Amino acid sequence: MNKERETSGWSQRFELALHPAIARFNASISFDIELIEYDLTGSVAHAKMLARTGIISAEEGEQLVAGLERIRTEYRQGTFQPGVEAEDVHFAVERRLTEIVGDVGKKLHTARSRNDQVGTDTRLYLRDRIHQIRQQLRQFQQVLLDLAEVNVETIIPGYTHLQRAQPVSLAHHLLAYLQMAQRDWERLGDVYRRTNISPLGCGALAGTTFPIDRHYSAELLGFADVYANSLDGVSDRDFAIEFLAAASLIMVHLSRLSEEIIFWVSEEFGFAKLKDSCATGSSIMPQKKNPDVPELVRGKSGRVFGHLQALLVLMKGLPLAYNKDLQEDKEALFDAVKTVQACLEAMTILLKEGLEFRSERLAQAVESDFSNATDVADYLAAKGVPFREAYNLVGKVVKTCLAANKLLKDLSLEEWQQLHPAIEADIYEAIAPRQVVAARNSYGGTGFGQVRQALEAARQKIRD
Ligand code: ARG
């Protein structure tokens with residue numbers, strides 16, 4: 001019998017050693033080591049269940065648990081570092097366990113397969129990460145809220161088609177992102193519910209001949225339920241795909257905000273400045289201050305979307321039940337988790353301390369355009385002129401102003417009254433940017449009263 005085969009995790013049916021390149025190709029230890037703490041936790045629960053159901057003795061159960069906990073300590077201390085010979089984290093742990101506790105270690109895998117084991121580990125891992133990401137979303141929302149609170153009356157141009165449309169409160173603009181993050185937070189809550197189901201005890205695919213208690217191990221691991229069908233249990237990765245979809249939307253939101261920040265800090269817009277702690281320079285152009293953080297966030301969104309696509313494609317042709325293709329789920333999932341976490345952290349810091357709005361530039365911006373044109377039409381409509389008629393009249397006056405290089409506020413009362421006799425001196429007040437914003441007091445609008453209420457509602461919501 002070949003030496004390597006003796007130490008591998010599989011049965012004695014193999015005679016020849018695995019080609020070293022194939023061993024490397026097959027191994028997942030380089031990345032699934034990320035799951036080790038969850039593998040240990042899952043194995044502890046399994047060992048306790050085996051003892052409780054009498055499949056192994058209580059003493060054997062205790063030995064297994066103690067050995068697993070020792071591996072945890074060794075791993076944390078850096079003394080347990082399995083290499084490619086272990087194939088994957090599950091074999092690595094089982095092998096080390098047997099070294100520590102002796103032959104009883106070989107009982108751990110009773111009534112279990114790596115198929116239900118890896119599914120359990122991945123769910124335990126993702127549950128933790130979902131928690132962390134939801135907390136990070138809360139911090140991100142808090143920073144948006146803080147920034148909105150001091151900017152209710154800061155007015156910025158609002159755009160449609162990236163053309164000046166109507167001015168809005170900066171707080172209103174920031175709270176739009178807070179709402180997106182709220183949906184992200186809720187969506188992850190949904191994903192969590194479907195992640196929090198135990199496949200442990202589904203065995204390789206068909207269940208087991210042993211009198212196991214799946215509900216007990218699930219309860220020990222804090223799972224809310226167990227998979228009802230063993231084939232589904234070992235081969236379901238819906239939860240991972242759902243997570244990647246939710247993660248992709250987080251990245252869409254962060255990327256949109258990034259895009260705006262990149263505009264805002266450009267010389268062309270000049271609405272904000274980057275502080276030195278969050279900006280980078282150029283190696284050749286000494287004057288440059290670059291928005292690398294939002295650019296990286298925008299760029300990194302692509303890899304998360306890619307991972308979602310990868311998993312959808314990975315799953316679509318898989319017959320029941322476990323197939324080794326499923327080993328490919330991990331790097332996608334781990335990278336998406338790390339990317340989302342890193343981007344949320346960076347954007348939270350950027351908003352908290354890296355961005356300074358230039359109020360003088362913003363004030364000037366909203367004073368120097370036609371984004372109050374709708375308000376003239378609304379003014380006339382409020383005086384009984386049918387809106388479409390008013391709209392056409394204002395279109396005409398904008399055209400005249402453009403030709404004369406004037407703004408609406410530059411028109412004399414006489415010129416206004418030529419446009420329509422119903423116009424009075426209060427038109428100037430009605431088209432001043434502050435009033436234009438304040439007047440949009442419909443529910444969900446940018447009126448200051450609405451924005452203050454929205455702030456209060458958001459503050460309540462993110463406290464939940
Ligand atoms: N490393 C494997 C994975 O990540 C563990 C499960 C292996 N199961 C098997 N039947 N070969 O999917």
Side-chain angles (χ1 to χ4, degrees), residues 4-5 7-14 17-19 21-43 45-46 68 71 75 80-97 106 108-127 129 195 197-208 217 227 230-241 243-244 307 310-338:
E4 202 168 330
R5 279 296 166 188
T7 54
S8 92
W10 319 299
S11 75
Q12 301 292 311
R13 68 167 280 179
F14 292 92
L18 193 59
H19 189 293
I22 298 299
R24 282 196 301 278
F25 182 69
N26 195 40
S28 51
I29 187 77
S30 64
F31 51 87
D32 67 14
I33 190 73
E34 178 96 33
L35 295 175
I36 187 163
E37 296 262 353
Y38 304 102
D39 196 74
L40 292 165
T41 303
S43 291
H46 182 67
L68 290 163
I71 298 175
Y75 178 72
F80 178 53
Q81 290 171 335
V84 70
E85 73 293 341
E87 187 180 325
D88 63 19
V89 67
H90 324 293
F91 273 148
V93 166
E94 192 180 324
R95 191 177 301 179
R96 179 71 193 125
L97 181 67
K106 297 179 182 168
L108 177 66
H109 214 52
T110 314
R112 183 178 75 170
S113 151
R114 278 185 302 159
N115 301 348
D116 54 344
Q117 186 178 358
V118 71
T120 304
D121 296 2
T122 310
R123 285 165 180 81
L124 292 174
Y125 158 87
L126 194 57
R127 269 188 353 190
R129 295 303 181 274
T195 301
I197 296 172
S198 174
L200 193 57
C202 288
L205 74 163
T208 173
S217 53
Y227 273 84
S230 61
L231 293 164
D232 181 37
V234 291
S235 63
D236 172 37
R237 293 295 181 272
D238 290 1
F239 68 98
I241 292 177
F243 170 80
L244 291 172
H307 295 318
L311 239 68
L312 287 167
V313 176
L314 175 71
M315 293 306 294
K316 77 176 270 288
L318 288 191
L320 291 175
Y322 178 87
N323 298 271
K324 190 68 172 242
D325 314 44
L326 289 174
Q327 181 164 288
E328 288 291 307
D329 64 354
K330 284 166 211 61
E331 285 164 293
L333 196 59
F334 298 165
D335 186 69
V337 164
K338 278 180 202 145

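Every number for a ligand or one of its atoms is a count from 1 in the order of the listing. Since the model is a prediction, treat every value here as computed from it, not as a measurement. Residue indices begin at 1 and follow the sequence shown.
- Set against the non-hydrogen atoms of Asp88, the atoms of ligand 1 under 4.0 Å away are 1 (N), 2 (C), 5 (C).
- Neither the backbone nor the side chain of Glu87 comes within contact range of ligand 1; no heavy atom lies under 4.0 Å.
- The shortest contact between atom 10 (N) of ligand 1 and any protein heavy atom is with Asn115 OD1, 3.0 Å.
- Side-chain contact between Leu318 and Leu326: present, with at least one pair of heavy atoms (C-beta onward) separated by less than 4.5 Å.
- Looking at atom 12 (O) of ligand 1, its nearest protein heavy atom turns out to be Tyr322 OH, 2.4 Å.
- Near Lys330, the atoms of ligand 1 lying under 4.0 angstrom from a non-hydrogen atom of the residue are 3 (C), 4 (O), 12 (O).
- Crowding of Lys324 atom NZ: a count of heavy atoms from other residues, nucleotides or ligands under 6.0 Å exceeding 12.
- Considering only non-hydrogen protein atoms, atom 1 (N) of ligand 1 sits nearest to Gln327 OE1, 2.7 Å.
- For ligand 1, the polar-atom distance check finds no N/O of His90 at less than 3.5 Å from any of the ligand's N/O atoms.
- Residue, atom and distance of the protein heavy atom nearest to atom 11 (N) of ligand 1 are Arg114 NH2, 3.2 Å.
- Between Asn323 and Pro319, some side-chain heavy-atom pair lies under the 4.5 Å cut-off.
- Short contacts between ligand 1 and Ser28, defined as distances under 4.0 Å to a heavy atom of the residue, involve ligand atoms 1 (N).
- Under the rule for a side chain to side chain contact (heavy atoms under 4.5 Å, CB included), the partners of Asp329 that lie at least two apart in sequence or sit in another chain are Arg237, Leu311, Leu314.
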* Begin from the C-alpha positions of Arg114 and Glu87 and carry the test salt bridge (charged side-chain N to carboxylate O under 4.0 Å, His left out) through to its verdict. => CA-CA 12 Å; Arg114 278 185 302 159; Glu87 187 180 325; 3.0 Å; yes
